[in-house]
S.K.: 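Pasting a structure below so you can have a look.
Every number for a ligand or one of its atoms is a count from 1 in the order of the listing.
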Amino acid sequence: MIPMPDRVYLDNSATTAVAPEVLAAMRPYFDARYGNASSLHSFGREARQAVDESRAAMADALAARPEEIVFTSGATEADNLAILGSALARSGGGHILTSKIEHDAILRAVEWLKPMGFDVTLLDVDGTGRVAPGDVASAFRKDTFLVSIMAGNNEIGTREPIDEIGRLCHDRGVLFHTDAVQAVGKEMLSLENVDMLSASAHKLHGPKGVGFLYVRRGTRLAPLLHGGGHERGLRSGTENVPGIVGFAAALALAQAERVDVTSRMRRLRERLMTEVLKIPATRLNGHRAESLPHITNFSFAGIEGESLVMKLDEAGIAASTGSACSSPNLEPSHVLVAIGVPLSMAHGSLRISTGRDTTDADIDRLLEALPRVVAELRAMSPFKVGE
Ligand SMILES: Cc1ncc(COP(=O)(O)O)c(C=O)c1O
């Protein structure tokens with residue numbers, strides 16, 4: 001790899017650096033304590049203890065019970081387990097309510113269920129990406145059994161009113177799932193009205209390849225993976241012991257630092273909004289205030305987001321257009337389309353997402369490069385941009 005010491009990383013909603021504290025906590029479970037948590041000998045018992053302690057600490061942090069945490073390979077699996085698992089636990093079909101701006105792990109999972117007799121309603125959002133609780137209430141049907149609305153959007157950062165939506169679901173005896181991947185560790189999340197919640201370690205300075213689904217006691221769920229019956233039969237497969245230990249360490253760190261880190265992130269987001277919107281023909285995608293602290297998304301008329309990302313990369317700045325998962329695909333982002341961004345602008349979007357290590361100096365670098373890069377790309381564009 002070519003060393004590039006001066007690079008600035010502003011793509012923390014795609015993934016984050018593993019924090020040194022997290023790496024240190026994980027390391028022994030790769031070599032000295034490498035047992036299989038199901039083995040009876042001392043190596044196995046050490047691994048089991050690490051998994052149990054991690055689970056207990058995470059449950060405590062979320063005000064959940066340890067047995068309500070089901071470890072998975074990440075949030076894609078957790079989302080699929082929530083959607084498919086609750087659908088497959090039913091005898092007949094039924095109706096699922098979700099929104100147009102969910103992650104593909106939700107949208108593709110509900111789509112997959114349709115030929116099996118399930119109906120799906122994709123709720124609209126407003127121009128800032130908010131789902132109206134009233135829309136959820138009026139879309140309920142007699143056979144609605146599941147609602148899934150994310151806690152905060154991964155592309156535009158908009159926070160959703162999940163407490164209110166969860167309460168509406170519980171009043172009707174409907175299961176409520178939330179994909180809280182981008183919110184865990186950054187927001188105070190209450191599980192009071194939540195039956196299932198998905199999270200992923202690599203979004204909060206933990207390792208890749210580990211996540212969990214919180215499953216409220218008593219929720220009926222069918223497993224998707226069959227085998228040795230791990231995770232109370234809900235997710236077979238040898239536990240990723242270093243990953244689970246790392247996830248617990250990352251969550252503990254995020255909670256300990258939350259107030260400091262998120263207030264810095266909010267301040268940097270304010271700076272970004274003030275300065276970037278000075279660039280002519282630029283818009284903010286998302287909500288100014290009802291937002292996760294680390295994500296800010298802009299559109300620039302007359303340019304392609306991909307070119308912008310490449311030009312910034314040449315300047316040593318890593319940001320993204322839309323979500324990392326859909327970047328190779330040249331369709332405009334389904335989230336930007338859902339909030340009504342005109343097609344000409346939806347193609348020119350840039351997502352900037354900060355992490356625990358992002359500084360003012362990093363934002364200075366971006367603010368120095370961005371107006372220049374946008375102007376250069378516009379000068380090459382066949383479309384004239386009105387100012
Ligand atoms: C909102 C949201 N849900 C789900 C996922 C998928 O998570 P994972 O990478 O752990 O599979 C992501 C990651 O991009 C995400 O941002």
S.K.: Please test His294 against Arg266 for side chain to side chain contact (heavy atoms under 4.5 Å, CB included), starting from the C-alpha separation and ending with a verdict.
M.R.: CA-CA 7 Å; His294 62 304; Arg266 289 208 176 281; over 6 Å; no

S.K.: Check ligand 1 against Asn154 and write out every atom of the ligand that is under 4.0 Å from a heavy-atom position of the residue.
M.R.: 1 (C), 16 (O)

S.K.: Considering only heavy atoms, does Lys208 approach ligand 1 within less than 4.0 Å through its side chain, its backbone, both, or neither?
M.R.: neither

S.K.: Are the aromatic rings of Tyr34 and Phe43 close, with centres under 6.0 Å apart?
M.R.: yes

S.K.: Could you check His287 against Thr158 for side chain to side chain donor-acceptor pair (under 3.5 Å), going step by step and ending with a plain yes or no?
M.R.: CA-CA 6 Å; His287 200 290; Thr158 302; over 6 Å; no

S.K.: Quick one: ring pair (Phe, Tyr, Trp, His ring centres under 6.0 Å) partners of Tyr9, sequence neighbours excluded?
M.R.: none

S.K.: Select one of side chain, backbone, both or neither to describe which atoms of Ile106 lie under 4.0 Å from any atom of ligand 1, heavy atoms only.
M.R.: neither

S.K.: Could you tell me whether ligand 1 has any atom less than 4.0 Å away from a heavy atom of Lys203?
M.R.: yes

S.K.: At a 4.0 Å threshold, what atoms of ligand 1 neighbour a non-hydrogen atom of Gly74?
M.R.: 10 (O)

S.K.: Distance under 6.0 Å and angle within 45° of the ring axis: does Arg90 meet both against Phe145?
M.R.: yes

S.K.: Please say whether Thr76 places an N or O atom under 3.5 Å from an N or O atom belonging to ligand 1.
M.R.: yes

S.K.: Within ligand 1, which atoms have a heavy atom of His202 less than 4.0 Å away?
M.R.: 8 (P), 9 (O), 10 (O)

S.K.: Number the atoms of ligand 1 from 1 as they appear, then name those within less than 4.0 Å of a heavy atom of Gln182, with their elements.
M.R.: 16 (O)

S.K.: Would you say ligand 1 has an N or O under 3.5 Å from any N or O of Ser200?
M.R.: yes

S.K.: Determine the sole option in Thr321, Asn297, Val309, Val374 for which the side-chain contact (heavy atoms from CB on, under 4.5 Å) test with Leu350 is passed.
M.R.: Val309

S.K.: Purely on distance, is any nitrogen or oxygen of Ala105 under 3.5 Å from one on ligand 1?
M.R.: no

S.K.: Considering the heavy atoms of Asp79, write down every atom of ligand 1 situated less than 4.0 Å from one of them.
M.R.: 3 (N), 4 (C)

S.K.: Got a salt bridge between Glu160 and Arg130, using NZ or NE/NH1/NH2 to carboxylate O under 4.0 Å?
M.R.: no

S.K.: Arg365: what forms a side chain to side chain donor-acceptor pair (under 3.5 Å) with it, not counting sequence neighbours?
M.R.: none

